[in-house]
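If you read the sequence from its start, that first residue is 1, and numbering goes on from there. Every value quoted in this text rests on a predicted model; they were computed, and no experiment measured them.
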Amino acid sequence: MPTLYYFHDPMCSWCWGYRPTSEKLFAALPATVTRKNIVGGLAPDSDVPMPPAQREAVAGHWKRIESMLGTRFNYGFWTDCEPRRSTYPACRAVLAAALQDHEEAMIFAIQQAYYLNARNPSDVATLQELAAALGLDAERFFEDLQSAAIETELQRQVGFARQSPISGFPSLVLKRDGVMAPVAVDYQDFRSSLGEIENLLG
């Protein structure tokens with residue numbers, strides 16, 4: 001069966017901007033296509049606060065996405081939190097939530113916490129609070145978050161993303177008959193990507 005891989009990171013601002021369009025695309029996929037999320041791991045674990053120049057650069061991305069797509073951002077994050085360039089914890093949280101059938105819910109919860117509620121998903125405490133709010137088994141989630149199995153799966157997905165024909169996040173790739181074909185991401189109209197997928201399917 002053909003598989004559409006969605007390469008993303010829960011703390012990728014462009015993925016947040018793409019969310020409304022991606023939801024329409026995924027809902028319109030042909031029934032013959034399976035979809036799989038792949039966490040790309042934008043930034044490894046770090047306890048180092050973001051330097052001012054990096055803060056300005058990331059906030060600049062937010063402003064660009066906001067002006068281009070109308071995406072909402074809460075800039076209070078930059079004063080209310082201590083930002084770190086560290087997305088692996090959030091990626092692990094998505095994988096741990098997937099073990100309790102809450103992968104999509106966790107992705108959305110992380111995005112809302114980060115971009116709308118000025119909370120820091122680089123902090124394990126934030127991720128635990130999100131898991132509890134989603135009704136997950138909090139103890140199991142915390143154990144999975146720190147487990148060797150989740151770390152192995154994270155490294156597998158990061159490695160798969162690096163070997164795939166993508167140049168960043170978000171990215172789409174359709175695998176059919178063993179061939180990986182990139183699909184262009186259109187941030188404003190899902191129909192162009194859908195048309196490309198339908199053409200690849202023949």
Val158 vs Val39, side chain to side chain contact (heavy atoms under 4.5 Å, CB included): CA-CA, chis, key distance, verdict: CA-CA 7 Å; Val158 169; Val39 287; 5.6 Å; no

CA sep, side-chain torsions, deciding dist, call: Lys24, Asp189, salt bridge (charged side-chain N to carboxylate O under 4.0 Å, His left out): CA-CA 9 Å; Lys24 290 175 187 168; Asp189 190 348; over 6 Å; no

Steps toward salt bridge (charged side-chain N to carboxylate O under 4.0 Å, His left out) verdict (Arg35, Glu104): CA-CA 12 Å; Arg35 183 173 70 82; Glu104 294 292 344; 2.9 Å; yes

Ile197 and Leu29: CA distance, side-chain angles, deciding distance, side chain to side chain contact (heavy atoms under 4.5 Å, CB included) verdict: CA-CA 8 Å; Ile197 290 164; Leu29 285 176; 3.8 Å; yes

Derivation of the ring pair (Phe, Tyr, Trp, His ring centres under 6.0 Å) call for Phe26 and Phe190: CA-CA 9 Å; Phe26 300 153; Phe190 75 96; over 10 Å; no

Residues Ile107, His8; criterion side chain to side chain contact (heavy atoms under 4.5 Å, CB included); working and verdict: CA-CA 10 Å; Ile107 294 168; His8 75 107; 3.6 Å; yes

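Placement of Val124 and Leu99 within a single hydrophobic cluster is found when ILVMFWY residues are connected by side-chain heavy-atom separations under 4.5 Å, directly or transitively. Both Tyr88 and Val58 are members of a single hydrophobic cluster when ILVMFWY side chains are connected at heavy-atom separations under 4.5 Å. Side-chain heavy atoms closer than 4.5 Å link hydrophobic residues (I, L, V, M, F, W, Y) into clusters, and following such links, possibly through other members, connects Leu145 to Ile150. Cluster membership check: Phe160 does not share its hydrophobic cluster with Leu95, using side-chain heavy-atom separations under 4.5 Å among Ile, Leu, Val, Met, Phe, Trp and Tyr.
Contact between Thr126 and Asn120 at its shortest, heavy atoms only, is OG1-O, 2.9 Å. Of all heavy-atom pairs between Ser86 and Ser122, the closest is O-OG, 2.7 Å. Shown here for Ile38 and Ala161, the closest heavy-atom pair between the two residues is CG2-CB, 4.4 Å. Scanning all heavy atoms of the two residues, the minimum distance from His102 to Leu134 falls at NE2-O, 3.7 Å. Nearest heavy-atom pair, Met50 versus Arg85, reported as atom, atom and distance to 0.1 Å: CG-N, 3.9 Å. Between Pro10 and Val94 the shortest heavy-atom distance is CG-CG2, 3.9 Å.
Under the 4.5 Å side-chain criterion, counting only non-hydrogen atoms from C-beta, Leu4 is not in contact with Val173. At least one side-chain heavy atom of Trp14 sits less than 4.5 Å from a side-chain heavy atom of Arg64. Lys175 is not listed as a side-chain neighbour of Pro2, based on a closest heavy-atom distance of 4.5 Å or more. Within the 4.5 Å cutoff, the side chain of Leu130 has heavy atoms near those of the Arg119 side chain. Residues Arg55 and Phe77 are not in side-chain contact: their nearest non-hydrogen atoms beyond the backbone lie 4.5 Å or more apart. With contacts defined as side-chain heavy-atom distances shorter than 4.5 Å, the pair Ile110/Met106 qualifies. At a threshold of 4.5 Å between non-hydrogen side-chain atoms, the residues Leu201 and Val33 count as touching. A heavy-atom distance below 4.5 Å is found between the side chains of Tyr187 and Met68.
A salt bridge links Arg156 with Glu153: the closest approach of a Lys/Arg side-chain nitrogen to an acidic carboxylate oxygen falls below 4.0 angstrom.
Counting only distance, with no hydrogens or angles, the side chain of Trp16 and the backbone of Arg72 share a donor-acceptor pair below 3.5 Å. Side-chain N or O atoms of Glu151 include none that pairs as donor or acceptor with a backbone N or O of Ser147 at under 3.5 Å. A distance-only check finds no donor-acceptor pair linking the side chain of Glu103 to the backbone of Ala97 [under 3.5 Å]. Using a distance-only test at 3.5 Å, with no hydrogens or angles considered, no donor-acceptor pair links the side chain of Ser164 to the main chain of Ile166. At distances below 3.5 Å, not a single donor-acceptor pair connects side-chain atoms of Asp80 with backbone N or O atoms of Ala118. Judged purely by atom type and a 3.5 angstrom limit, Asp9 uses its side chain to pair as donor or acceptor with the backbone of Met11. Using a distance-only test at 3.5 Å, with no hydrogens or angles considered, no donor-acceptor pair links the side chain of Asp144 to the main chain of Ala96. Side-chain atoms of Arg92 never come within 3.5 Å of backbone atoms of Thr87 as a donor-acceptor pair (strictly under, hydrogens ignored). A donor-acceptor pair under 3.5 Å is formed between the side chain of Gln100 and the backbone N or O of Asp137.
Residue-environment remark: CZ (Arg191) stays at or below the threshold of 12 foreign heavy atoms within 6.0 Å.
A tilted orientation is assigned to the rings of Tyr6 and Tyr18, their planes being inclined by 30° to 60°.
Taking the six-membered ring for Trp and the full ring otherwise, the centers of Phe73 and Trp78 sit at least 6.0 Å from each other.
In this model, a donor atom of one side chain and an acceptor atom of the other lie less than 3.5 Å apart for Glu66 and Tyr75. When only modelled atom types and interatomic distance are considered, Gln157 and Asn37 share no side-chain donor-acceptor pair under 3.5 Å.
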